[in-house]
Novice: 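Right, I'll just put the structure down here and ask away after.
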Amino acid sequence: MTRVSASFLPPVALDRRSGIPMHRQLSEWFRHAIIGGQLRPGQRVPSTRSLAKELKISRLPVLSAYEQLFAEGYLETFTGAGTCVAQSIPGGLTASMDAKAPEPAQSAAPRPVSRLATSMQEPPPPWLANQGAFRVGLPALDHFPREIWSKLVNRHARRMPTQLMTYGDPIGYLPFREAIAQYLGTVRGVRCDASQILVTTGSQQGLVISALALLEPKARVWMEEPGYPGARQALQSVGAQIVPVPVDDEGLDIAEGIRRSRNARAAYISPSHQFPLGVTMSATRRIQLLNWAARSGAWIIEDDYDSEYRLAGHPIASLQGLDTDARVIYVGTFSKVVFPALRLGYVVVPRDVMPAFLSVRNGMDTFSSTLYQLVMTDFIREGHFARHIRRMRALYMERRTALLESIETHMHGRLDIIGAEAGMQLVALLPPGVDDVAISRAAAQQGVSVRPLSMCYADPPARGGLIFGYGGASVREIRESIRKLKSCL
Ligand SMILES: Cc1ncc(COP(=O)(O)O)c(C=O)c1O
């Protein structure tokens, strides 16, 4: 380490053994000294020649450091005055800068955060903090066809044409949208073509884009009670006012929705497999909902997140397929049918509002990874996707049976099961008066990630429960975890 005091500079510390080039060490030192107030605006600095001499180094790194500092506006030259610290550098930034991130609240000045963000801020609950059995929404990652997937990723990573490596279309890669439109038409009864498919970074983004494109701040929106917390968060993030509308065994209670807010701007629903109760919305309610939306000019946001996994009978056709007034925004995801870290979802958008959706999407993350859109296109087209879903359906049936049997064996009828006909999760209602949050906390300490049902309600429910995501847990894990859970009850 050389420590030389250049005539009127504070000591310049250079470390010859560090891997950082000399010119960078010097320019860093000047930056810190200027921002830290040790060198003042207008103050002269030594010429490159004399600084190099003082520091006993070649002139080259000094020249290069000064050049960089001129380019960044820290130094300037005046004829006759030589090189000086730029006059325009504001004084008062007295904190010393080092390589560590600055600590907040060094000054007394306020550090405002939006009221909306503050109101939404919540620490992550313990049942989301561990990777134990029963995490809601996790598919069977241990059965994902990794070999096929890695071949497809390799294929596209090697051969990706340069024109696809540039910025992509915000709406998504056309062949991928065509594949999605065809799949939705065949399997989900969605009526659309590729021009209506907007590819998103997961369905959470689809929900936020829909809310931003369609809703003014303070717009009233019907939300299923209980409902998906992610949707509530997406709606709240644009300042919407949530109107909780109860769900019964026919799905969302439309008459009650109309009673609570006839003129709501939108309704969020998961009609094929209600989250979290697992109810399928009846045909009567579907028609009532579509009629209300058409009469009052409201939008319906249909979240169809896992209905491929109907374990008995055929998948329920989408609400979008019944809509004759183009009121339904259909939001889907590959998180459950492929894997969540893929972050690919889609929104089926009515034609007239697509421009609004596109400009919102463009202003967000512009577009989703083209590489994975290419990979998914082949995954669907080559039949791997349909095969994977078929295999997972059988596997989830097996896991569901193991879960129901374990609950039956260890809980002796103390839990009432609902919503076990479809998807990858079910709800076990607790005896009245039992605190589901306390049980989920205790379970999390044992490494079991059951989610409390009450967290899906806006108002405290009459009866608490536990949501078991069984898709991602093996039969052995299911049995062991139910034994652990028994001790928490
Ligand atoms: C109701 C519902 N919608 C959507 C999603 C999926 O979200 P994403 O596509 O952002 O992973 C989930 C995941 O758990 C969900 O439960």
Side-chain angles (χ1 to χ4, degrees), residues 124-125 127-128 131 134-141 144 172 180 184 188 197-212 221-237 242 247 251-252 267-281 300-310 316 318-320 328-348 361 364-365 368-369 372-373 376 392 396 419 422-427 449-453 455-458 466-473:
W127 47 89
L128 290 184
Q131 295 292 329
F134 306 135
R135 268 195 76 146
V136 174
L138 265 200
L141 301 176
F144 186 68
I180 296 173
L184 291 178
R188 308 288 312 113
I197 308 277
L198 171 68
V199 176
T200 60
T201 303
S203 65
Q204 188 63 25
Q205 190 188 51
L207 295 172
V208 175
I209 294 176
S210 306
L212 279 168
V221 181
W222 293 1
M223 166 86 205
E224 293 170 326
E225 171 81 338
Y228 176 49
R232 187 172 299 127
Q233 223 176 6
L235 293 167
Q236 282 171 342
S237 74
I242 307 284
V247 171
L252 191 83
Y268 164 85
I269 52 158
S270 45
S272 300
H273 184 224
Q274 203 275 335
F275 186 94
L277 299 181
V279 186
T280 302
M281 191 182 231
I300 299 169
I301 302 172
E302 176 178 14
D303 184 358
D304 201 9
Y305 60 103
D306 76 348
S307 47
E308 287 83 357
Y309 294 136
R310 187 151 187 87
I316 306 288
S318 66
L319 181 76
Q320 196 271 5
V328 176
I329 318 296
Y330 178 93
V331 180
T333 179
F334 289 105
S335 288
K336 319 289 142 171
V337 278
V338 182
F339 56 88
L342 180 64
R343 303 316 296 143
L344 280 180
Y346 46 87
V347 184
V348 181
R361 207 264 182 265
M364 276 184 165
D365 59 347
S368 299
S369 158
Y372 288 109
Q373 295 189 59
M376 269 309 295
M392 290 307 98
Y396 295 155
M424 300 144 58
Q425 80 249 353
L426 55 81
V427 170
S449 302
V450 271
R451 206 190 266 199
L453 177 65
M455 299 301 277
C456 298
Y457 281 83
L466 301 172
I467 312 175
F468 290 83
Y470 53 82

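Note that ligands are numbered from 1 as they come in the structure, with each ligand's atoms numbered from 1 the same way.
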Novice: Could you walk me through whether Val347 and Ile329 pass side chain to side chain contact (heavy atoms under 4.5 Å, CB included), step by step?
Specialist: CA-CA 7 Å; Val347 184; Ile329 318 296; 3.4 Å; yes

Novice: Determine the minimum heavy-atom distance between Arg135 and Ser449, stating which atoms define it.
Specialist: CG-CB, 3.5 Å

Novice: Specify whether Tyr309 and Tyr396 have parallel, tilted or perpendicular ring planes, treating 30° as the upper limit for parallel and 60° as the lower limit for perpendicular.
Specialist: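 It falls in the perpendicular class, over 60°.
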
Novice: For a distance cut-off of 3.5 Å, show me each N or O of ligand 1 paired with any protein N or O, plus the separation.
Specialist:
| residue | atom | partner | partner atom | Å |
| --- | --- | --- | --- | --- |
| ligand 1 | 3 (N) | Asp303 | OD1 | 3.4 |
| ligand 1 | 3 (N) | Asp303 | OD2 | 2.7 |
| ligand 1 | 7 (O) | Ser203 | OG | 3.1 |
| ligand 1 | 9 (O) | Ser203 | N | 2.7 |
| ligand 1 | 9 (O) | Ser203 | OG | 2.9 |
| ligand 1 | 9 (O) | Thr333 | OG1 | 2.6 |
| ligand 1 | 9 (O) | Ser335 | OG | 3.2 |
| ligand 1 | 10 (O) | Ser203 | N | 3.4 |
| ligand 1 | 10 (O) | Gln204 | N | 3.0 |
| ligand 1 | 10 (O) | Arg343 | NH2 | 2.9 |
| ligand 1 | 11 (O) | Ser335 | OG | 2.7 |
| ligand 1 | 11 (O) | Arg343 | NH1 | 2.9 |
| ligand 1 | 14 (O) | Lys336 | NZ | 2.6 |

Novice: Taking the six-membered ring where the residue is Trp, are the ring centres of Phe339 and Phe334 under 6.0 Å apart?
Specialist: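 No, the ring centres sit 6.0 Å or more apart.
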
Novice: What residues form a side-chain hydrogen bond (donor to acceptor under 3.5 Å, both in side chains) with Tyr305, not counting sequence neighbours?
Specialist: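 Here the qualifying residues are His273, Gln425.
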
Novice: Using only atom types and a distance under 3.5 Å, with no angle test, would you say the side chain of Glu225 pairs donor to acceptor with the backbone of Ala458?
Specialist: yes

